[in-house]
Amino acid sequence: TVEVKSDKESVTPDVSVVSNGDWAVNATSGKNMLRVVTKSGDTHWGCWPTIGFSGKIFSRSAFHADPEHYEDYALCFDLYNNSESTNLFVLEFWTASGIRILTINHYAYPGRWNNFYMPLRDIQADLPLGYTLADLKGAFRVAWPEYLPENGRDSEDREFFFDNFRVEKI
């Protein structure tokens with residue numbers, strides 16, 4: 001399940017599941033991928049639209065493995081930036097009680113697949129004191145800053161494809 005949030009309706013992204021063959025980009029794994037079309041706004045970094053994934057993604061993953069084995073796994077996903085601009089994405093990790101406990105910046109460079117790769121031991125090391133990976137049962141969100149249209153355009157949509165969310169053995 002994917003949840004879309006934005007403080008401004010004008011920058012709420014269009015999100016859909018698309019299949020190989022429907023677009024010039026093919027999924028890195030399987031036949032489907034998540035297509036996200038972001039919208040430009042009127043204030044640079046004025047709000048942070050997000051797409052969120054259920055905490056269930058964590059309950060079925062190595063996040064709940066024995067902490068002694070965290071060093072053996074990494075959180076990974078693929079992101080294709082089909083726009084002309086490098087775009088900042090921020091991964092947000094939330095607890096089941098709705099507390100955001102960690103953010104990680106990731107840049108998506110234009111015209112290619114960008115691989116996000118973060119060893120679980122590094123995520124664990126960045127968590128606030130008293131939290132463990134097992135606390136990340138709430139949600140995993142991907143956020144980006146509101147942006148202004150470039151090159152004198154009145155508006156600018158940017159297209160991204162997300163695929164192959166996984167926890168893999170290092």
Side-chain angles (χ1 to χ4, degrees), residues 1-6 11-40 45 47-65 69-94 100-127 133-134 136-147 150 156-170:
T1 307
V2 176
E3 177 187 29
V4 178
K5 285 187 178 181
S6 179
V11 297
T12 299
D14 296 326
V15 177
S16 57
V17 175
V18 297
S19 300
N20 283 340
D22 293 342
W23 307 95
V25 175
N26 284 321
T28 58
S29 175
K31 298 178 183 176
N32 299 316
M33 56 195 155
L34 186 67
R35 178 178 179 253
V36 177
V37 179
T38 64
K39 314 288 185 195
S40 60
W45 290 41
C47 74
W48 289 76
T50 66
I51 55 173
F53 303 91
S54 166
K56 291 178 185 177
I57 198 169
F58 298 121
S59 62
R60 289 185 236 134
S61 71
F63 276 78
H64 297 285
H69 299 288
Y70 286 160
E71 66 185 35
D72 298 336
Y73 294 91
L75 172 65
C76 309
F77 66 88
D78 304 321
L79 168 58
Y80 190 89
N81 180 349
N82 200 28
S83 76
E84 298 172 2
S85 302
T86 298
N87 215 80
L88 169 66
F89 287 91
V90 178
L91 283 66
E92 302 178 338
F93 296 89
W94 295 75
R100 184 177 62 192
I101 59 174
L102 181 64
T103 60
I104 300 170
N105 291 349
H106 178 69
Y107 289 90
Y109 299 98
R112 66 183 178 114
W113 281 104
N114 297 262
N115 180 259
F116 176 84
Y117 178 90
M118 183 69 153
L120 295 185
R121 67 177 171 262
D122 294 349
I123 295 173
Q124 176 65 53
D126 288 340
L127 289 174
L133 290 175
L136 302 178
K137 296 178 183 177
F140 166 67
R141 303 193 69 75
V142 178
W144 57 93
E146 179 180 358
Y147 57 90
E150 294 182 353
E156 178 186 3
D157 292 352
R158 295 180 184 172
E159 182 179 54
F160 303 92
F161 296 90
F162 291 81
D163 193 31
N164 201 14
F165 286 88
R166 63 206 182 275
V167 176
E168 67 181 34
K169 192 160 178 67
I170 296 175

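At a cut-off of 3.5 Å, with distance as the only test, no side-chain donor of S83 or E159 sits close to an acceptor on the other residue. For the residue pair N81/R112, the side-chain donor-acceptor check at 3.5 Å is not satisfied.
If you look at F89 and H106, their ring centroids are not closer than 6.0 Å. Here the two rings, on F93 and F140, have centers that are under 6.0 Å apart.
Here the shortest heavy-atom pairing between C47 and V11 reads SG-CG2, 3.4 Å. In this structure, L79 and A108 approach most closely via the heavy-atom pair CD2-CB, 3.6 Å. In terms of heavy-atom proximity, N114 sits nearest to Y109 at OD1-N, 2.8 Å. Nearest heavy-atom pair across W113 and D163 is CH2-CB, 4.0 Å. Summarising the geometry of S6 relative to T12, their closest heavy-atom pair is CB-OG1, 3.4 Å, with the distance given to 0.1 Å. Closest approach of E156 to S85, counting heavy atoms only: OE2-OG, 4.2 Å.
A donor-acceptor distance shorter than 3.5 angstrom exists from the side chain of Y147 to the backbone of T38, with no hydrogens or angles considered.
With respect to R141 and E3, a salt bridge is recorded, a charged nitrogen being found less than 4.0 Å from a carboxylate O. Salt-bridge annotation for D14 and K39: present, with a side-chain N of the basic residue lying under 4.0 Å from a carboxylate O of the acidic one. The residues D78 and R166 are annotated as salt-bridged, a charged nitrogen and a carboxylate oxygen being separated by less than 4.0 angstrom.
You'll find the side chain of V90 reaches within 4.5 Å of the side chain of W48, heavy atoms only. In this structure the side chain of V18 reaches within 4.5 angstrom of the side chain of M33, judged on heavy atoms. At a threshold of 4.5 Å between non-hydrogen side-chain atoms, the residues V142 and T50 do not count as touching. For the pair I104 and M118, the minimum side-chain heavy-atom distance is below 4.5 Å.
Separating the CG atom in L91 from the CD1 atom in I123 is a distance of 8.0 Å, to the nearest 0.5 Å. Atom CD1 of I101 sits about 11.0 Å away from atom CG of D126, to the nearest 0.5 Å. Taken from CZ in F77 to CZ in F162, the straight-line distance is 6.0 Å, to the nearest 0.5 Å. From K31, atom NZ reaches atom CG of N20 across 9.0 Å, with rounding to the nearest 0.5 Å.
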(request) Determine, step by step, whether L102 and E92 satisfy the side-chain contact (heavy atoms from CB on, under 4.5 Å) criterion, reporting the C-alpha distance in whole Å, the side-chain angles of both residues, the deciding distance to 0.1 Å, and the verdict. (result) CA-CA 6 Å; L102 181 64; E92 302 178 338; over 6 Å; no

(request) For the pair F165 and F53, evaluate ring pair (Phe, Tyr, Trp, His ring centres under 6.0 Å) and give the outcome as yes or no after the intermediate values. (result) CA-CA 10 Å; F165 286 88; F53 303 91; 4.8 Å; yes

(message) As a quick check of understanding, evaluate side-chain contact (heavy atoms from CB on, under 4.5 Å) for V36 and W144, giving each step before the final call.
(response) CA-CA 12 Å; V36 177; W144 57 93; 4.1 Å; yes

(message) Could you go through N105 and L88, starting from their C-alpha distance and side-chain angles, then the distance that decides it, and tell me whether this counts as side-chain contact (heavy atoms from CB on, under 4.5 Å)?
(response) CA-CA 7 Å; N105 291 349; L88 169 66; 3.9 Å; yes

(message) Does R121 form a side-chain contact (heavy atoms from CB on, under 4.5 Å) with I170? I'd like the steps, not just the answer.
(response) CA-CA 11 Å; R121 67 177 171 262; I170 296 175; 3.8 Å; yes

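More than 12 non-hydrogen atoms from other residues, nucleotides or ligands lie less than 6.0 angstrom from OH of Y117. The local environment of CD in E84 is sparse, with at most 12 non-hydrogen atoms from other residues, nucleotides or ligands closer than 6.0 Å.
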